[in-house]
Amino acid sequence: MSDDKGLTVKKNEDFSQWYTQVVQKAELADIRYNVKGFVVFRPWAVLIMNKMFQLLEQELEKKGHQPALFPALIPESNFKKEAEHVEGFLPEVFWVTEAGGEGEKIDERLALRPTSETAMYQMFALWIRSWRDLPFKIYQRCQVWRYEGKATRPFIRSREFYWIETHNAFATLEEAEKQVQEDMETTDNVIHKEYAIPFLFFQRPEHDKFAGAVHTYAADTLMPDGKVLQLPSTHLLGQNFSKSFEIKFVDKNGESKYVWQTCYGPAVSRIIAAVISMHGDNKGLVLPPTIAPIQVIIIPIITSKENTEIVLAKCKEILESLEKAGVSPKVDADAERTPGWKFNYWELKGVPLRIEIGPRDIRSGQVVIVRRDNGAKQFVKENEVVNRVKEALEGIQKSLSEKAYNFLNDHLYDSQDYDEVKKILADKGGLVRINWCGLEECAEEMKNETNGGVIRGTLLGKNEEAKGNCIRCGNTSTQVVYISKQY
RNA sequence: GGGGUUGUCGGCUAGUUUGGUCUAGGCUUCGAGACUCGGGCUCUCGAGAUCCUGGGUUCAAAUCCCAGCAGCCCCA
């Protein structure tokens, strides 16, 4: 078996190797670009990400966010306006310090945005004048750069990534808090329902907040190796930035006030890592139909010169009827590849459904439909193809979603025994519910002693009462939190 | 941040331990042709590598030494 063909490792035996192979063999990314932590995103990944972006943007616009595009360069003086923010991000900033062939020094060095608060908010200060301008909700789709110290992996963590960031300003704290709720709903509607990625929403502990935020809420999903991957986070910024950037409005009573702010950042190039990992199998990618660039691959089975045209004509007919029904199909009519080759290729790429059409099928007025997720094969009468395809696509979406949900659910544990917690994290991975005292030092020690276990925070929507003692230090516990290893 | 390890045709690799037989071998890929194909079919011919980069040691370097770049793994 050549290495250029299918995957040579099983997902459940060596997830890390499996991931590397899928990324390469499904032609998602090429890691041969010669800058550390930067990779090339190949067409298949970009097509998937485009679908993902579209779904998110539709949802955001429905909820009143307007698109904008801000410059990628931020002057150092802007960047430094909010003290906590700078402190948090400074170690990760790439700077532009010179320009031109002679390397002429730039007067004030420019940050390549690691996130856009400090680019946007000076403009917010100019644009927002009255209560009539509020709420003010902007989003931008862009790439950002962070000088990551941790090991980089394609999609999971790199020094350049692609995301959407929303930035919002409100007249009151209550409205800002409501926006946080709305962001969670957006996350649920898109990432959970459309991408079929389950997650838990946590309020992060004080010491793990976004730099400059009052509170940080983040969605965590669980990767097949039992480690958590952080997906979107939404931040209640309070008035920290509005005070630094002088974003004020005049309220109905003529009084000048600082706005209340939130921001939200779904990193699509990272979420795709969850999609690859959660849904993929030993044959390669498995894409949820909602984000598959091609939903149905039609493969003609040609056995002689005489029937070539008949078979291809039938394929085209089916293609058109599917297109008319709003499905995205493609015919792979490549005469140089055998059907077997095509089966493997499109399975590797994760196309949800395959239709085979050969002379035998045409004689009996049927086609063969094969599901990518479970390999189920059915013979379908020609006049029922459209309906059956739609059913199958829905079935795949549902089944991927359930499978992923069950995996997460099966890896939630509950323990008040520190040794047991260590053992769970070491053996199976997953998230363990524990009592915790709330002190950062204690969390630090736990991270060391559990070999990487990180406090994710308190679970939202559950209101879990703290009682008993911190599992590590034995002091009175102030909160029920979840701990897990993370990417 | 610290430690380890690797870098040879587009991909996977043999060769490196013990410098010379390497004009760098194989599979795959790619190109031309045959084969008309219900799970990566088979055959013929051809192409593709200043052995990551720079320096050093030597009569002689893919092979030994140093530095840089990049990848992977482990630890903080």
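To find a chain, count down the sequence lines: A is the first, B the second, and so on, and within it residues start at 1.
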Give every pair of a protein N or O atom and an N or O atom of nucleotides 68-76 of chain B that lie under 3.5 Å apart, one pair per line with the distance.
from: B/A70; atom 1: OP1; to: A/Lys36; atom 2: N; distance (Å): 3.3
from: B/G71; atom 1: OP1; to: A/Gly37; atom 2: N; distance (Å): 3.2
from: B/C73; atom 1: OP1; to: A/Ser16; atom 2: OG; distance (Å): 3.2

Problem set entry | Complementary nucleotide for B/A67 - Watson-Crick or wobble, under 3.5 Å | B/U53
Exercise. Please walk me through it: do A/Ile301 and A/Val311 pass side chain to side chain contact (heavy atoms under 4.5 Å, CB included)?
Worked result: CA-CA 7 Å; A/Ile301 312 291; A/Val311 172; 5.7 Å; no
Problem set entry | Opposite nucleotide pairing with B/C30, Watson-Crick or G-U, both atom distances under 3.5 Å | B/G46
For this session: Take atom CD of A/Glu336 and atom P of B/C41, then tell me their distance rounded to the nearest Å.
Result: 13 Å
Exercise. Of the options A/Lys36, A/Arg159, A/Arg153, A/Arg157, which is the one that meets A/Glu148 in a salt bridge (charged side-chain N to carboxylate O under 4.0 Å, His left out)?
Worked result: A/Arg157
Seminar exercise, completed: pair_partner(B/U21), Watson-Crick or wobble, both distances < 3.5 Å, evaluates to none
Problem set entry | Rounded distance in Å - NZ (A/Lys25) to P (B/G40) | 17 Å
Problem set entry | Rounded C1' spacing from B/U50 to B/U8 in Å | 12 Å
Exercise. Roughly how many Å is it from CG in A/Asn344 to C1' in B/G38, rounded to a whole number?
Worked result: 13 Å
Exercise. Looking at B/G40, B/U36, B/G11, which one has an atom nearest to any side-chain atom of A/Trp341?
Worked result: B/G40
Exercise. Between A/Tyr162 and A/Phe53, does the ring centre distance come in under 6.0 Å?
Worked result: no
Problem set entry | Sugar-phosphate, base or nothing in reach of A/Gln17, heavy atoms under 4.0 Å | nothing
For this session: Pick the C1' atom in B/G56 and in B/A61, then give their distance to the nearest Å.
Result: 12 Å
For this session: Assert yes or no for the condition that the ring centre distance of A/Tyr413 to A/Tyr482 is strictly below 6.0 Å.
Result: no
Exercise. Taking the P atom of each, how far is B/G19 from B/A60, in whole Å?
Worked result: 15 Å
Exercise. Yes or no on side chain to side chain contact (heavy atoms under 4.5 Å, CB included) for A/Cys263 and A/Tyr121, after CA distance, side-chain angles and deciding distance?
Worked result: CA-CA 11 Å; A/Cys263 62; A/Tyr121 296 167; 4.1 Å; yes
Exercise. Given the C1' atoms of B/G25 and B/C51, what is the spacing between them in whole Å?
Worked result: 13 Å
Problem set entry | Residue among A/Pro232, A/Ser116, A/Pro266 satisfying side chain to side chain contact (heavy atoms under 4.5 Å, CB included) with A/Glu165 | A/Ser116
Exercise. Is the CZ atom of A/Phe38 crowded by more than 12 outside heavy atoms at less than 6.0 Å?
Worked result: yes
Exercise. When the P atoms of B/C66 and B/U28 are considered, how many whole Å apart are they?
Worked result: 39 Å
For this session: Report the base-pairing partner of B/A61 (Watson-Crick or G-U wobble, both distances below 3.5 angstrom), or none.
Result: none
For this session: Return the 5'-most residue of the pair A/Pro359, A/Thr338 with respect to RNA chain B, ranking by each residue's nearest nucleotide.
Result: A/Pro359
For this session: Please check if any side-chain donor atom of A/Gln230 sits under 3.5 Å from a side-chain acceptor atom of A/Arg270, or the reverse.
Result: no
For this session: Would you indicate what A/Ser304 reaches in the nucleic acid, counting non-hydrogen atoms under 4.0 angstrom: base, sugar-phosphate, or nothing?
Result: sugar-phosphate
Exercise. How long is the line joining CZ of A/Arg372 and P of B/G39, in whole Å?
Worked result: 17 Å
For this session: Provide, to the nearest angstrom, the distance between the CD1 atom belonging to A/Ile302 and the C1' atom belonging to B/C35.
Result: 15 Å
For this session: Could you check which nucleotide pairs with B/C72 in any of the strands shown, counting Watson-Crick or G-U wobble with both distances under 3.5 Å?
Result: B/G4
Problem set entry | Donor-acceptor under 3.5 Å (A/Lys342 side chain, A/Asp332 main chain) | yes
Exercise. Say you pick atom C1' in B/U53 and the same atom in B/A62; how far apart are they, in whole Å?
Worked result: 14 Å
For this session: Looking at every strand, decide which applies to A/Gly149 at a 4.0 Å heavy-atom threshold: base, sugar-phosphate, or nothing.
Result: nothing
Seminar exercise, completed: Considering only heavy side-chain atoms of A/Arg337, the closest of B/C30, B/G40, B/G39 is B/C30
For this session: Kindly say whether, by distance alone, the side chain of A/Gln21 makes a donor-acceptor pair under 3.5 Å with the base of B/G11?
Result: no
Exercise. For atom C1', what is the distance between B/C52 and B/G71, given to the nearest Å?
Worked result: 11 Å
For this session: For A/Phe343 and B/G39, give me the distance from atom CZ to atom C1', rounded to whole Å.
Result: 6 Å
Exercise. Honestly, is A/Lys422 close enough over A/Tyr418, meaning NZ or CZ under 6.0 Å from the six-membered ring centre and within 45° of the axis?
Worked result: yes
Exercise. Just how far, in rounded Å, is C1' of B/C41 from CD1 of A/Ile301?
Worked result: 14 Å
For this session: Output the single nucleotide from B/G40, B/G38, B/G10 whose closest atom is nearest the side chain of A/Arg32.
Result: B/G10
For this session: Look at the side chain of A/Arg360 and decide which nucleotide, out of B/G40, B/G38, B/U36, has an atom nearest to it.
Result: B/G38
Exercise. A/Asp281 and salt bridge (charged side-chain N to carboxylate O under 4.0 Å, His left out): which partner among A/Lys11, A/Lys403, A/Arg372?
Worked result: A/Arg372
Problem set entry | Between B/A32 and B/G39 - C1' atom distance, rounded Å | 27 Å
Exercise. Of the nucleotides B/G38, B/G39, B/G11, which one has an atom closest to the side chain of A/Pro339?
Worked result: B/G38
Exercise. Is there a donor-acceptor pair closer than 3.5 Å between any side-chain N or O of A/Gln416 and the backbone N or O of A/Asn435?
Worked result: yes
Exercise. For nucleotides 45-54 of chain B, read 5' to 3', which letter fits each nucleotide if B means a protein heavy atom sits under 4.0 Å from the base, S means only the sugar-phosphate is that close, and - means neither?
Worked result: ----------
Exercise. Within this structure, what is the CG-to-P distance between A/Asp332 and B/G40, rounded to whole angstrom?
Worked result: 16 Å
